**Student:** 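I'd like to ask you about the structure that follows.
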Amino acid sequence: MIPITRFAPSPTGFLHIGGARTALFNWLYARRYGGRFHLRIEDTDRARSTPEAVEAIFAGLQWLGLTWDGEAVFQFARAARHAAVAHFLLERGLAYRCYCTPAELAAMRESARQAGRPAGYDGRWRDRDAGETPAGIAPTIRLRAPRAGETIIDDLVQGRVRVANEQLDDMVLLRADGTPTYMLSVVVDDHDMGITHVIRGDDHLTNAFRQSQISQAMGWEAPRFAHIPLIHGADGAKMSKRHGALGVEAYRVGFLPEAMRNYLVRLGWGHGDAEIFTTEQAIAWFDITDVGRGAARFDLVKLTALNAHYLREADDARLVKHIRPLLETLLGGPMEDRGLDRLRAAMASLKVRARTVTELAEAALFYVRPRPIPLSDTARQQLAACDPAFLAELAALIAAHAGPWTARGLEENFRLLAEGKGLALGKLAQPLRAALTGATISPPLFEVMHILGQEETRARLNDVMRKEGNI
RNA sequence: GUCCCCAUCGUCUAGAGGCCUAGGACUCCGCUCUUUCAAGGCGGCAACACGGGUUCGAAUCCCGUUGGGGACGCCA
């Protein structure tokens, strides 16, 4: 069977990390078996759905590279079809009108709970005559669900799960205002869209029982279900929009999409000892039946480690482009071409030292800062502890540097000086590093000097000497 | 309260009865390399929740306990 999957978020907030993984699994499964992956926006909650959230979902999926087939389906637009299905069931006697008020239902739930019974609707309108209908109350339409027996789901992840039908109540299909409920809409849309595999969070597992009852009533074959475990936060509880989850856009600045994909797919799924692999490999290896049943915790530290890896692998020009806006924000203005040239030259050794794009930008900042560059506290201390005469000596060496201004040539020169004075190379490298980068840690010093150029190097050292001399 | 699901190092996982004195990754700690910091290389700490079965043999199968999670809406 060629799978047709779907990701069906409700646009009531950002696309959160758990939703992103659900989308990823659906996408992976469809790709793996040459099927199709659809996007359906479940916007039937008119009060809470927003166009901004729809945009956030589109943007989040696009960022992750999870392209969907065809046009996104907006569920609300199909409300008439959903209502028609409800009426069809009503006519067949497979559904009925219920005239309970919300207050009555609340009281029902309360007393059921007190009595230790399942807290659902008791079916009091299930078999009443039409003549008994109260005036002035708009009814809902409820499914006439089976009362005996059990409903069984053969879940691709959870295995065979069964529940006694007496645990399930007669769910509302159509609200009093005539709009369909989620439960109905999902079943109708999945059917109409030809969805073969419903891959979603296992918070929907109990919904699957109800949905399969609707399918049954309509005489439709229910899709295969695969309920994947939720992602939990660091506290071990469900991560959701309502509970501490961040939207994927919160990660877009600092993380690479390939890192996020790799991280997310490893949450609940693995392929032997494989830790770092391409999306193509993931597609080739992925199978929904291999997904584990235990919930996984979201671990930012590991995501960061993965991101560091992908940062090192990433193309230099791409990263320069990526950090440019961050840098311009830090700088408070546009960057000169000269700065871009420096970044391109420096990126190779900058990127191996950063774990996030944000860190990368911060570490790159000294290259593009206008003089005099600010010094960190530790850099300042190192410089203050330095004999001004020594700094002058370094400056002289720089000014007098003959031959090509290359990392290698500079290193040779400074090694000679160090040897002549009986000093370790670090003794002269550190004050220079502090002066040129404003920090005590940086990419290799002679590379920095090379990229900065002789003039800038000389000037930065001078800045420091003047200031130190004035102390 | 009722129902459902889950349970291997701190975290993510490998493991589908003997290959397990339980493997990998992240974290942490050493060592190495080294002009700083990284990266790299080498090494280390660290787990089958507990109790019963089944079996010649169980991390792997069954039952129970405990712990965790989820669902119980005219939300999705």
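All figures in this text were calculated on a predicted structure; none of them were measured in a lab. Within every chain, numbering begins at 1; the chains are lettered A, B, ... in the order of the sequence lines, protein sequences first and strands thereafter.
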**Student:** What integer number of Å spans the C1' atoms of B:rG44 and B:rC9?
**Tutor:**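 Per the computed distance, 14 Å lies between those C1' atoms.
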**Student:** Side chain of A:K302 only, please: which of B:rA76, B:rU27, B:rG24 is the nearest?
**Tutor:**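 Per side-chain heavy atoms of A:K302, the pick is B:rG24.
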**Student:** Heavy atoms from C-beta onward define the side chain here; which of B:rA76, B:rU13, B:rG73 lies closest to that of A:A296?
**Tutor:**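 Side chain of A:A296 sits closest to B:rU13.
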**Student:** Whole angstroms only, please: what is the CE-C1' distance between A:M183 and B:rC75?
**Tutor:**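 Computing the A:M183:CE to B:rC75:C1' distance gives 10 Å.
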**Student:** Given that both distances must come in under 3.5 Å, which nucleotide forms a Watson-Crick or G-U wobble pair with B:rC75?
**Tutor:**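 Because no pair has both required distances under 3.5 Å, B:rC75 counts as unpaired.
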**Student:** Looking only at atom types and distance, does a side-chain atom of A:Q167 sit under 3.5 Å from a main-chain N or O of A:A164, one as donor and one as acceptor?
**Tutor:**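 Flag not set: sc A:Q167 to bb A:A164 has no pair under 3.5 Å.
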**Student:** A:R312 side chain: which of B:rG40, B:rC4, B:rU11 is closest?
**Tutor:**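 Nearest to the side chain of A:R312 among the choices is B:rG40.
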**Student:** Using a strict 4.0 Å threshold on nitrogen-to-oxygen distance, state whether A:D203 and A:R200 make a salt bridge.
**Tutor:**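 No.
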**Student:** Need the pair for B:rC33. Rule: Watson-Crick or G-U wobble, both distances under 3.5 Å, any strand; none if unpaired.
**Tutor:**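 In the structure as shown, B:rC33 has no Watson-Crick or wobble partner.
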**Student:** Identify whether the distance between the nearest side-chain nitrogen and carboxylate oxygen of A:K351 and A:E313 falls below 4.0 Å.
**Tutor:**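 No.
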**Student:** Between A:Y263 (OH) and B:rU27 (P), how many Å, whole number?
**Tutor:**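 Those two atoms, OH and P, are 13 Å apart.
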**Student:** Please work out if A:F446 contacts a base, only the sugar-phosphate, or nothing of the nucleic acid, heavy-atom cut-off 4.0 Å.
**Tutor:**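 Base contact.
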**Student:** A:D122 CG to B:rU2 P: how many Å, rounded?
**Tutor:**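 Between P of B:rU2 and CG of A:D122: 19 Å.
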**Student:** With respect to the side chain of A:P102, which nucleotide from B:rC74, B:rU13, B:rU2 is positioned closest?
**Tutor:**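 So the side chain of A:P102 is nearest to B:rC74.
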**Student:** Here's a test of your reading of the structure: between A:L105 and A:L303, which maps to the more 5' nucleotide of RNA chain B?
**Tutor:**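 Checking each residue's closest nucleotide, the 5'-ward one belongs to A:L303.
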**Student:** For the side chain of A:Q167, starting at C-beta, report the closest nucleotide among B:rG24, B:rC3, B:rC75.
**Tutor:**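 Between B:rG24, B:rC3, B:rC75, the one nearest the side chain of A:Q167 would be B:rC3.
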**Student:** Given B:rA76, is OP1 or OP2 found less than 4.0 Å from the side-chain N or O atoms of A:R200?
**Tutor:**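 For B:rA76, neither OP1 nor OP2 has a side-chain N or O of A:R200 closer than 4.0 Å.
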**Student:** Verify the contact: side-chain N or O of A:T181 to OP1 or OP2 of B:rC74, cut-off strictly under 4.0 Å; return yes or no.
**Tutor:**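 No, A:T181 has no side-chain N/O under 4.0 Å of OP1/OP2 on B:rC74.
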**Student:** Select base, sugar-phosphate, or nothing to describe what A:C98 touches, counting heavy atoms under 4.0 Å on all strands.
**Tutor:**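 Contact class for A:C98: none.
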**Student:** So which nucleotide does B:rC3 pair with, by the Watson-Crick or G-U wobble rule with both distances under 3.5 Å?
**Tutor:**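 Pairing partner: B:rG70.
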**Student:** NA contact type, A:V352, heavy-atom cut-off 4.0 Å: base, sugar-phosphate, or nothing?
**Tutor:**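 Here A:V352 touches the bases of the nucleic acid.
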**Student:** Taking the side chain of A:V301 as heavy atoms from C-beta outward, which of B:rA71, B:rU35, B:rC26 is closest to it?
**Tutor:**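 The listed nucleotide nearest to A:V301's side chain is B:rC26.
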**Student:** Think A:R117 has a side-chain N or O under 4.0 angstrom from the OP1 or OP2 of B:rU2?
**Tutor:**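 No, no such contact exists.
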**Student:** Taking the minimum atom-to-atom distance to the side chain of A:R433, which one of B:rC37, B:rU27, B:rU35 wins?
**Tutor:**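 For A:R433, the side-chain atoms sit closest to B:rU35.
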**Student:** Taking any strand in view, what nucleotide pairs with B:rC50 in a Watson-Crick or G-U wobble way, both distances under 3.5 Å?
**Tutor:**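 Base partner found: B:rG64.
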**Student:** Rounded to whole angstrom units, what separation is found between the CD atom of A:E359 and the C1' atom of B:rA39?
**Tutor:**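 So the two atoms are 14 Å apart, to the nearest Å.
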**Student:** Paired with B:rA25: which nucleotide, if any, by Watson-Crick or G-U wobble criteria at under 3.5 Å for both distances?
**Tutor:**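 Base partner found: B:rU11.
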**Student:** Assess whether salt bridge (Lys or Arg N to Asp or Glu O under 4.0 Å) is satisfied between A:E393 and A:K421, documenting all intermediate values.
**Tutor:** CA-CA 12 Å; A:E393 210 170 334; A:K421 300 177 79 74; 2.9 Å; yes
**Student:** Please report the distance, rounded to the nearest Å, between CG in A:N262 and P in B:rC26.
**Tutor:**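 Taking atom P of B:rC26 as the reference, CG of A:N262 is at 12 Å.
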**Student:** Just checking A:A119: base, sugar-phosphate only, or nothing, at a heavy-atom cut-off of under 4.0 Å?
**Tutor:**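 Base: the residue A:A119, judged by heavy atoms under 4.0 Å, touches a nucleobase.
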**Student:** Return the value, rounded to whole Å, for the distance between atom CD of A:Q75 and atom P of B:rC75.
**Tutor:**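 The answer, rounded to whole Å, is 13 Å.
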**Student:** Check whether any side-chain N or O of A:R297 sits under 4.0 Å from OP1 or OP2 of B:rU27, and answer yes or no.
**Tutor:**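 No, outside the criterion.
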**Student:** Compare the minimum distances between each of B:rC3, B:rU13, B:rC74 and the side chain of A:V172, then state the nucleotide with the smallest one.
**Tutor:**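 Of the candidates, B:rC74 comes closest.
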**Student:** Taking donor-acceptor contacts at under 3.5 Å, does the side chain of A:R353 reach the base of B:rC37?
**Tutor:**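 Under the 3.5 Å cut-off, the side chain and the base do form a donor-acceptor pair.
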**Student:** Please state whether the phosphate of B:rC74, meaning OP1 or OP2, lies under 4.0 angstrom from any side-chain nitrogen or oxygen of A:R142.
**Tutor:**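 A:R142 to B:rC74 OP1/OP2: side-chain N or O found under 4.0 Å.
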**Student:** If I pick the C1' atom on B:rC31 and the same atom on B:rC61, what distance separates them, to the nearest angstrom?
**Tutor:**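 My reading of the C1' atoms in B:rC61 and B:rC31 gives 45 Å.
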**Student:** Any ion pair linking A:D122 and A:R124 (charged N to carboxylate O, less than 4.0 Å)?
**Tutor:**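 Yes.
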**Student:** Assess whether a salt bridge exists between A:R78 and A:D189, defined as any Lys/Arg side-chain N lying under 4.0 Å from an Asp/Glu carboxylate O.
**Tutor:**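 Counted as a salt bridge, because a side-chain N and a carboxylate O are separated by less than 4.0 Å.
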**Student:** Any non-hydrogen side-chain atom of A:E456 less than 4.5 Å from a side-chain atom of A:R342?
**Tutor:**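 They are in contact (side-chain heavy atoms under 4.5 Å apart), so the answer is yes.
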**Student:** Does A:G272 reach a base, just sugar-phosphate, or nothing at all? Heavy atoms under 4.0 Å.
**Tutor:**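 The residue A:G272 makes sugar-phosphate contact but no base contact.
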**Student:** Do the rings of A:F286 and A:F25 sit parallel, tilted or perpendicular, given the 30° and 60° boundaries?
**Tutor:**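 Correct class here is tilted.
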**Student:** B:rC26, B:rG70, B:rG23: which one has an atom nearest the side-chain heavy atoms of A:L230?
**Tutor:**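 Nucleotide nearest to A:L230's side chain: B:rG70.
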**Student:** Is it true that A:D316 and A:R344 have a side-chain N and a carboxylate O under 4.0 angstrom from each other?
**Tutor:**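 No, this pair does not count.
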**Student:** Do we get A:R408 above A:F446's six-membered ring, with its NZ or CZ under 6.0 Å from the centre and within 45° of the axis?
**Tutor:**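 No; the conditions do not both hold, so A:R408 does not lie above the ring face of A:F446.
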**Student:** Less than 3.5 Å between a donor and an acceptor, one on the side chain of A:R415 and one on the base of B:rU35, is that the case here?
**Tutor:**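 Checked by distance alone, the answer is no.
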**Student:** For A:H401 and A:W405, take the angle between the two ring planes, folded into 0 to 90°, and tell me which bin it lands in: parallel under 30, tilted 30 to 60, perpendicular over 60.
**Tutor:**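 Correct class here is perpendicular.
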**Student:** Tell me: CZ of A:F277 to P of B:rC12, nearest whole Å?
**Tutor:**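 So the CZ-P distance, A:F277 to B:rC12, works out to 16 Å.
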**Student:** Taking NZ, NE, NH1 and NH2 as the nitrogens, is one of them in A:K302 or A:E275 under 4.0 Å from a carboxylate oxygen of the other?
**Tutor:**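 Judged by the 4.0 Å cut-off on N to carboxylate O distance, A:K302 and A:E275 do form a salt bridge.
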**Student:** Touch check for A:T179, heavy atoms < 4.0 angstrom, all strands: base, sugar-phosphate only, or nothing?
**Tutor:**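 It contacts nothing in the nucleic acid.
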**Student:** May I ask you to say what A:N207 touches in the nucleic acid, namely base, sugar-phosphate or nothing, with a heavy-atom cut-off under 4.0 Å?
**Tutor:**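 It contacts base atoms.
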**Student:** Need one value for A:A176: base, sugar-phosphate or nothing, where a base atom within 4.0 Å counts as base even if backbone is also close, heavy atoms only.
**Tutor:**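 A:A176: base contact, heavy atoms under 4.0 Å.
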**Student:** Contact list please: residues 159-166 of chain A against RNA chain B, heavy atoms, distance less than 4.0 Å, in numerical order.
**Tutor:**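 Output list: A:V161, A:R162, A:V163.
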**Student:** Between B:rG51 and B:rU66, how many Å separate the two P atoms, rounded to a whole number?
**Tutor:**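 Pairwise P distance, B:rG51 against B:rU66, rounds to 15 Å.
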**Student:** Tell me if the side-chain of A:D202 makes a donor-acceptor pair with the base of B:rG70, cut-off 3.5 Å, by modelled atom types.
**Tutor:**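 No.
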**Student:** Please evaluate the base of B:rC75 for a donor-acceptor partner in the side chain of A:R48 within a cut-off of under 3.5 Å?
**Tutor:**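 Donor-acceptor pair under 3.5 Å: yes.
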**Student:** If you look at every strand shown and take non-hydrogen atoms under 4.0 Å, does A:P444 touch a base, only sugar-phosphate, or nothing?
**Tutor:**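 Touches a base.
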**Student:** Could you work out the separation of B:rG23 and B:rA49 based on their P atoms and round it to a whole Å?
**Tutor:**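 It comes out at 16 Å once rounded to the nearest Å.
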**Student:** Using a 4.0 Å heavy-atom cut-off, does A:L445 contact any base of the nucleic acid, only the sugar-phosphate backbone, or nothing at all?
**Tutor:**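 Base, at least one base heavy atom under 4.0 Å.
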**Student:** Pairing check on B:rC45: which nucleotide meets the Watson-Crick or G-U wobble criteria with it, both distances under 3.5 Å?
**Tutor:**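 B:rC45 is paired with nothing.
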**Student:** Across all strands shown, which nucleotide pairs with B:rA59 by Watson-Crick or G-U wobble geometry, both distances under 3.5 Å?
**Tutor:**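 Answer to the pairing question: none, since B:rA59 forms no Watson-Crick or G-U pair.
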**Student:** Any side-chain N or O of A:R266 under 4.0 Å from OP1/OP2 of B:rA25?
**Tutor:**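 Answer is no, no contact under 4.0 Å.
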**Student:** Rounding to an integer number of Å, can you tell me how far A:H204 NE2 sits from B:rC5 C1'?
**Tutor:**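 Rounding to the nearest Å, NE2 of A:H204 and C1' of B:rC5 are 15 Å apart.
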**Student:** Using the closest heavy atom to pick a nucleotide of RNA chain B for each, name whichever of A:L267 or A:R293 lands nearer the 5' end.
**Tutor:**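 By nearest-heavy-atom nucleotide position, the 5'-most residue is A:R293.
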